[in-house]
Each structure stands twice: as structure tokens, then as C-alpha cells.
Number of protein chains: 2
Amino acid sequence: MPKHERKIQMDFYVYVDTVVLTVNPDREIAPKDRLEVLVMRRPDASSNRWALPGGAVKEGEPLEDTALRKVHEETGISLRHKDLHQVGAYGDPGRDSRWRAFSIAYLALLPHPGEIAPIKHSVEARFMPYRQLQASRVLEFDHHRIIADARARAFSMLEDTPIAVSFCQPKFTMSDLRMVYEAFLQDEVDAANFRRKVELTKNFVQPLGVMSSDQPTPGRPPMLYRAGRAKEITPPIRFRSSPRKD
Amino acid sequence: MPKHERKIQMDFYVYVDTVVLTVNPDREIAPKDRLEVLVMRRPDASSNRWALPGGAVKEGEPLEDTALRKVHEETGISLRHKDLHQVGAYGDPGRDSRWRAFSIAYLALLPHPGEIAPIKHSVEARFMPYRQLQASRVLEFDHHRIIADARARAFSMLEDTPIAVSFCQPKFTMSDLRMVYEAFLQDEVDAANFRRKVELTKNFVQPLGVMSSDQPTPGRPPMLYRAGRAKEITPPIRFRSSPRKD
DNA sequence: GCAAAAGTGTTGGCGCTACACCCATGG
DNA sequence: CCATGGGTGTAGCGCCAACACTTTTGC
């Protein structure tokens, strides 16, 4: 690593970009379109150009602090350290046409805010469906690749950590939790088997005897759960894709 | 990301460090101790201090090129782009006591060189057992954490890509391949089930005629295989840890 | 009002597949 | 002694059906 060499990298920039993912619980929406990404539009940017929240690392500032700071500055959303997971580093020459720019990408998981978060900042920020973003390539730089990598990493974390509850409200139903997996799997999951797998995993969720008396919805009132204290899922929750028709 | 702001990051350094992993096929060695890491000792470093090969990114140089270049310069080993996989970025203030240093870590998988590679460079380089490195903390900076992350990433890649063959010679036996998994699993694997799982995966390996006519070893001569052309393993090869005694 | 229908959550069961463990055979 | 192949019991799970509990609809 660092030998005692001269400082020759004065034109290098180090940024942090954060992919804030959420799952829209609206049952009207198709499972594939429930996954949403927080994006922003810069004041000076051309219309129809969106970007991930992010910015330059300050001197003496840990990378995760940069992520939290820029997301708050640019979208008004306050994340916590425990919500952040590193996705990777992006540093190809030419990914930024102006200068050599490195970006360390983070992933954050957030319960869905009921409405588009009221953002009173100079920049416009909102959640947009992941699939729509990938279909119409409106993101700057290599941010399409970054959000794709972030989604893949989030899905693998769903399999062997209880992180899916991060997308849910403090009290949630089994269907809420299942819809998180469906959003990332981009497919439906058998409700019966899902329940069994979750309940057999010690400390994944904790039942709260009560029924949800929210809005009167049709159907049997669901049981409510809250997050357990498990840090990992053993055995991992996997969903086989093999018996699908090929 | 990059706004039009002044250049304020002149004291930031961007490095690439590479974790070259290999599996020692020596049957005398316990499975847990077969995993080895390529480390080097700097000429000016105090004795007993080792580090991963790596160095600063040059202007206009892709990150992976930096990895290949520094590994070659410092250890004489020539890697290929396809051997490289990114592990992550490390940028905590204070990880380098001299200045703010970011390091992007890569992972490379290499067949075991029969002998410690004869390195005729100014720096001393060699493979050392992973477990021994982690037990005696002789690595510089946060390289202990980096090699731990690299090992975890390699293991997850073993499960759903045919990358294990990267650790083997061009022609290998089923036992050679199985020992790769055992090295990362830190446990033994049933030979019969392993064979079936591998053979049922299309294009994972390709059987050659027969017989290793190497050294006459005790036991029945094994079949020889070479790498298939599959890019991923479906379904993934998993090894359950549940029915072990707890 | 009341009954039927429709919608959602929950439980149970059948059958297949994967695999851990064991054993037989071959070189 | 190691490689290879076969066999068996069991756990996980995909799939389906039944049942529970509610709101909505029809008369």
C-alpha cells in the first residue's frame, strides 16, 4: 500500500452515493413495481435527469457519515448508521466526464413513507419505482448499474438476515413481510410456506397476539408481529426458482 | 454527486489492495489450514509486518488495472482481469495513520503454485495460511478485516458460480474440487453427495477420459475433469450446517 | 336486516426432491 | 487406501385444499 511516495493524486474525487430502497405496501400495485428508489434532481440539472443522493467526502469524515449527511441535506430523510450497507466502489475512468471520480455506494433500507416525503429543500427528491427507472434510463453517471447492484445485494441479505423487517412498520403483518420478499424476488411467494419458514426461524419475528384494527379491510384480520432480535437467519430463507417452467 | 465545487480533497489517496487466495492441495494439511493468502513484506517495513499487495491508482487507470499491476510488481504473479472480484471499499479516517487513505479491495482466486513462487523482487512475498494470519495479527492497517471479507465473499461465490475451478489446475480430480469447498467451509464434505451435485450441474465440469497418471497414489485412480463453460450454478450448491450437533 | 358471496389470513396434508449418512465395489 | 456408485431415511418445501374471520353485495 502506501509507500513514501509523492502526492500525485490531486485531481481525484471521492464521493459517496446512497441507494435508499423502500417497498410500497399498496396492494393495487403489481409486486414487480413495489420496489422504489429515492432519487433527486439537481437544481442545475437538465429536466428528466435524476441522480442518487450523494456527494464528496469531507476531510476526516467516515464514509457512512457522508452518506447520512448527503441524504439528509438533499432529501430531508434521516437515516441511521445501522441502516447502511456498503454495495461497492465505482471508479472507472470516464464514469464522470469532468474528472476522475470514485464513488463508494451504500444501500439503505427504509419503511415506506405514507406519502412522498415532503421535501423542503432546494433540490427535488422523490421515490420512483425501480423498474421504471431501469426501463427509462434517466439516471446520471453509472447510477443504473449502482442501483442494480444494490438491489442484488439487498436480495441476498433478505435470504440470510432478518433485514426484511427494516422495510416494515414497527408493527407489521405476515403479508407485509412477505410482500417485501416478493418485491425483490419479482415474483409471488406461497403464503403458507412463507409463514412456516418465518415462524420456524428463532427470533426472526415476535408475535403480538393482537389483530390489526387499522382501516376495516375485507378478510380475516391478520396477526401482528414485531421484529425479533435475531441477527441472522439459520437456515437461510431461500426461494427456489427451479420448478418454474423454463 | 459531483456538484461544481472547488477541489478540496487534495490530501486524499486512493489505493487498491488485492487478496490473492489459493488452496493448498497437500493432503497432509488439515482442511482448515489449506486456505492461503498472498502477502508481502516491504523493504522498509519492520520485520514481522506483512501487507497485502497493493498501491496507489494512477491517473486514468482503471481500478482493476491497478490491482493487476501492483500484484505483478510486488509479487511477480500475473493475474487476469477475469480473476478479479471486488470485495469493497475501506476508508475510515485513521486506518492509515499518515493521511486519509481509501482502499478498494479486490479478490483473486489462483491455483496453488507448487512451491512458494520464486519471487525475484525487492520485496519479499509468499503465501501464508489464512488461519495463521488471523491468529497472529501481523498484517498492516485493516488488512485483517479485508482478508476476512474476501474469504466470506469467495465462499458465497463458491455456492452459485463455478469459480471453485479457478483454484484448481487445468486438469483436476473431484477431490481437488471438493477440497476447495472444504477449505472455505472449514469442514469436510461428503464425497458421494458432492460428486452428484457437481455432475448434475450442467457445464460445471467436463469429464476427460480417465486417470491421473501423476504420482501413483494409494487408492483407486481418480477421474480427471476440466472446467465447463457454465457461468453460474443452478441450483446453487449449498451445504447445510443444521444437522450438525449443536 | 339477513343470507350469500367475496376477500384475506391461517392451518393441514400430499408428494416430490435434496441430501446426510451408510455401505458395497473397484482399482 | 481412495474413488466411485448405490441405497435409505428424513427434512424441506411446492402445491393445493380446507377452514376462519371479516367486509361487501343482493334481496
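Quick caveat, the model's predicted, so the values are computed rather than measured. Chain A is the first sequence line, chain B the second, and so forth, proteins listed ahead of strands; every chain is numbered from 1.
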Exercise for the section: Using a cut-off of strictly less than 4.0 Å, decide whether Asn193(A) has a side-chain nitrogen or oxygen near OP1 or OP2 of dC13(D). Expected result: no

Exercise for the section: On the 0 to 90° scale, with breaks at 30° and 60°, tag the Phe239(A)-Phe194(A) ring pair as parallel, tilted or perpendicular. Expected result: parallel

Practice task
Could you state the atom-to-atom distance from NZ of Lys197(A) to P of dG12(D) in whole Å?
Solution key: 11 Å

Exercise for the section: Take atom CG of Leu200(B) and atom C1' of dG6(D), then tell me their distance rounded to the nearest Å. Expected result: 14 Å

Problem - Check: Ile163(A) main-chain N/O paired with Ser166(A) side-chain donor or acceptor under 3.5 Å - result: yes

Exercise for the section: State, with a plain yes or no, whether a side-chain heavy atom of Leu177(B) is found less than 4.5 Å away from one of Val165(B). Expected result: yes

Handout entry: side-chain N/O Ser175(A) vs dG9(C) OP1/OP2, d < 4.0 Å
Key = yes

Completion exercise
Out of dA20(D), dG27(C), dC15(D), minimum distance to the side chain of Asp190(A) belongs to dC15(D)

Problem - Cation-pi, Phe204(A) ring and Lys197(A) (6.0 angstrom, 45 degrees) - result: no

Problem - Length of the line joining Phe239(A):CZ and dG14(D):P, which is rounded to integer Å - result: 8 Å

Exercise for the section: Return the 5'-most residue of the pair Ile237(A), Pro218(A) with respect to DNA chain D, ranking by each residue's nearest nucleotide. Expected result: Ile237(A)

Completion exercise
Rounded to whole Å, the CZ-P distance (Arg238(A) to dA18(C)) equals 16 Å

Exercise for the section: Ignoring hydrogens and angles, state whether a donor on the side chain of Tyr90(A) or Asp149(A) is under 3.5 Å from an acceptor on the partner side chain. Expected result: yes

Exercise for the section: Select one nucleotide: of dC13(D), dG5(D), dG7(C), the one nearest the side-chain heavy atoms of Arg220(A). Expected result: dG7(C)

Exercise for the section: Could you check how far CZ of Arg178(B) sits from P of dA20(C), rounded to whole Å? Expected result: 13 Å

Handout entry: Interatomic distance, Phe155(A) atom CZ to Leu21(A) atom CG [nearest 0.5 angstrom]
Key = 13.5 Å

Practice task
Check whether any side-chain nitrogen or oxygen of Arg27(A) sits under 4.0 Å from OP1 or OP2 of dG9(C), and answer yes or no.
Solution key: yes

Practice task
Nearest whole angstrom, please: distance from the P of dG6(D) to the CZ of Arg196(B).
Solution key: 8 Å

Exercise for the section: Using the criterion of both pairing distances under 3.5 Å for Watson-Crick and G-U wobble pairs, give all stems of 3 or more consecutive pairs involving DNA chain D. Expected result: C:1-27 with D:1-27

Completion exercise
Side-chain atoms of Ala192(A) come closest, of dG7(D), dT11(C), dA3(D), to dT11(C)

Exercise for the section: Please tell me if the side chains of Phe172(B) and Val205(B) come closer than 4.5 Å, counting only heavy atoms from C-beta onward. Expected result: yes

Problem - Rounded distance in Å - CD (Glu188(B)) to P (dC2(D)) - result: 12 Å

Fill in the blank from the handout: Rounded to whole Å, the CZ-C1' distance (Phe194(B) to dC21(C)) equals 18 Å

